[in-house]
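Some notes on the structure that comes next.
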Amino acid sequence: MNPNTSLDILRKIFGYATFRGEQEAIINHVMNGNSAFVLMPTGGGKSLCYQIPALIFKGLTIVVSPLIALMQDQVIALNGIGVNAMYLASSLERDQITKIFLSIRNREVKLLYITPERLINDWFINFLQSIEVSLFAIDEAHCVSHWGQNFRPEYQKLNRILMHFPDTPRLALTATADKFTRIDIKHYLGLKDAREFFSSFLRDNIVYIVHEKNNGKKQLLSFLSTHPNVCGIIYCNTRAKVDAITEFLINEKYPAIPYHAGLPNETRRANHRYFMMNSNAIMVATVAFGLGIDKPDVRYVYHFDMPRNIDSFYQESGRAGRDGITSYSIINFGFKEILELNRMIIDTESDMLKKQYALLKLKHVVKYCDSNICRTRLLLELMGEVTHDCGKCDNCHNPQILKDETTLAQKILSTIYHVRQKCNSGHIIDILKGKNTIDVQIWEHNKLSTFGLCHDITIKDLRRTIRILYSHEFIDIDHATSHLKLNEKSISCMKGLTYFYLPQCSAINSTALTKTFAMRTMEEELLYRKLVSYRASIATKEQVPHYTIMHDKTIAELVTHKPTTLDGLLTIHGIGKKRLERLGDDILKIMSNAN
Ligand code: ADP
Ligand code: ZN
């Protein structure tokens, strides 16, 4: 292989100057006929690892992907830069499908996207055996694992099929770093001896922020007001909440659309499409809106409710900023949600092992939310990677002030002790506040030494302290009964051997943190808007997503570098030969008019 070929393709077809991270090594490895397992975070650039070999190989590259929508997006984007890629879906007309097979037979197609169901179809395997297949790429490979929420049983059958093609390299790709999932991928996809390429999961263009919930809707509006006219996702934990928040935002004149499993298929499809096509859509969704959201220009992912699993949180927040531009991950969380989510896991998961796994993953989210160290560092640590402080997240930017509240902790802990660990947080607070509720009277808890001991502290502050005691592991909660329980650390704190430090009530002003969003001069802003509306007009005419015409990053570079010639345009991120031919003259005209 000519060593410059892949770099040439990267530059001339994709319009990018250099490879990122392990891309080049992976491409070379595959080009030499080897299989590999690629673990790379969302937005890391996995697709190029099989798209570039596909363009160099003589035969066909098959890409297995779990969702039609995902395939469509990739095929549109590839066709847009002049690459002949196609996808097979049962929704296509018969003669369309026939045409696809004919083009493959005539060696016109370089990449064919299919679902796993298609690959395990006998007729299709026969067909593949009659042509030259150069590479199998198995995208979203974590779908093979029953640990995740995207489990697809058909993925587990792929290995049997791929055994018919022992000499064809296979590439499994995923962004799910969870240890158990990795083991499943290697096992089920027959990759035990394949080389592994692990990239860092650091997403250094994402600014991580966590808010304690305190009038969630108001906090959401305050965030949105600093991010007008950009694309974002707001996750809620229930369908009802999705509907309520969408309605609330529409009333506030935001272009919000809902997505959850309870909506008719047609509405879901239309809303997904609207989101993909526009550069300012706000998608309010449950986690049903997940797999295959492959949009580069999502500027924020806002968890209106607390996520239930640290790995899914990483995936969800990772949908922001895939194009490398600064983007935000925000979580709004409260004690009530922690209790509810734990309860839900206890009630719904019958398999003991899976229950423990889910509880552990939730515990990690709680730890992340209530932490006062760098969020990026902690998030990566929870996923098994060591990194440095990011200098950008809320905790780095605005370190929380800690106050020694060991005495307060001792009052709470000894109340838990006196009620023999048989009460929930509400009852403990009633006792500490000195409230003579019926329950307090029935159990004669008004006779305890701690009764009324915290009358001068607000209920909200007591609730917050109990939450932080829990997330910092000074107490446990029996989630079946919601009773607060003591552990070794509680005892040590009660004896005065371990101190409890409480972060001062969140003074984090994330609005200030996120205001640095786009610092452009008036003229630059004007040019930016002109280019955005030019992009929208072409996208609307061609009925394709805005970002397939030009990425936000391309527009941002045009605005800062202000090239004046066609050659100058070629140095801009995302502008290759094809785009230059299509858009070059128009862009230069817009740029020169703006001066
Ligand atoms: P993943 O599948 O890993 O989530 P993608 O393959 O969709 O990520 O790539 C994410 C974004 O990064 C895309 O917009 C893609 O065009 C861009 N990209 C990928 N590789 C490079 C590169 N070498 N240089 C610049 N941009 C790149
Ligand atoms: Zn940080």
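As the structure is a prediction and not an experimental result, all values here were calculated from the model. Just follow the structure's listing: the first ligand is 1, and inside any ligand the first atom is 1.
Residue contact check: H573 has heavy atoms under 4.0 Å from atoms 25 (C), 26 (N) of ligand 1. Atoms of ligand 1 found under 4.0 Å from any heavy atom of F19, numbered from 1 in the order shown, are 23 (N). Of all the atoms in ligand 1, the ones that sit under 4.0 Å from a non-hydrogen atom of P41 are 3 (O).
Using modelled atom types and a 3.5 Å distance limit, the side chains of Y501 and N372 yield no donor-acceptor pair. Between the side chains of Q400 and N395, at least one donor N or O lies within less than 3.5 Å of an accepting N or O. If you check the side chains of R322 and Y547, you find no donor sitting under 3.5 Å from an acceptor. Side-chain contact check for E385 and S200: at least one donor-acceptor pair (N or O, by modelled atom type) lies under 3.5 Å.
A cation-pi arrangement is found for K213 relative to F304, the charged atom lying closer than 6.0 Å to the ring centre and inside a 45° cone about the ring normal. Both the sub-6.0 Å distance and the 45° axial angle are not jointly satisfied by K578 relative to the ring of F14.
Looking only at heavy atoms of the protein, atom 9 (O) of ligand 1 is closest to G45 CA, 3.5 Å. Closest to atom 20 (N) of ligand 1 among all protein heavy atoms lies Q23 NE2, 2.9 Å. The nearest heavy-atom contact from the protein to atom 10 (C) of ligand 1 is G43 O, 3.6 Å. Summary of contacts: the protein heavy atom closest to atom 17 (C) of ligand 1 is R20 NH2, 3.7 Å. Nearest protein heavy-atom contact of atom 16 (O) of ligand 1 is Y16 OH, 2.3 Å. In this structure, atom 14 (O) of ligand 1 lies nearest to the protein heavy atom H551 CE1, 2.9 Å. R322 O, 3.4 Å is the protein heavy atom nearest to atom 11 (C) of ligand 1.
Residue-level proximity to ligand 1 for L173 is absent, since no heavy atom of it falls below 4.0 angstrom.
For the side-chain hydrogen bond (donor to acceptor under 3.5 Å, both in side chains) with R299, the lone residue among N280, D323, T326, N229 that qualifies is D323. Partner Y302 forms a ring pair (Phe, Tyr, Trp, His ring centres under 6.0 Å) with one of F223, Y328, Y235, F333 and no other, that one being F223. Partner M550 forms a side chain to side chain contact (heavy atoms under 4.5 Å, CB included) with one of L558, V532, I538, I572 and no other, that one being L558.
Rounded to the nearest 0.5 angstrom, T174 OG1 and I185 CD1 are separated by 4.5 Å. The structure places CG of L380 at 8.5 Å from CZ of F201, a figure rounded to the nearest 0.5 Å.
Distances from atom 6 (O) of ligand 1 to the heavy atoms of G324, G318, S47 show the closest one on S47.
The residues R152 and E117 are annotated as salt-bridged, a charged nitrogen and a carboxylate oxygen being separated by less than 4.0 angstrom.
Ligand 1 lies nowhere less than 4.0 angstrom from a heavy atom belonging to M40. Judged by the shortest distance from any of its heavy atoms, D139 lies outside the 4.0 Å radius around the atoms of ligand 1. The shortest separation from a heavy atom of D323 to ligand 1 is not under 4.0 Å, leaving the residue out of contact.
Protein atoms of type N/O/S that fall under 2.8 Å from the Zn ion (ligand 2) number 4 in this view.
With sequence neighbours left out, the ring pair (Phe, Tyr, Trp, His ring centres under 6.0 Å) criterion links F197 to H29.
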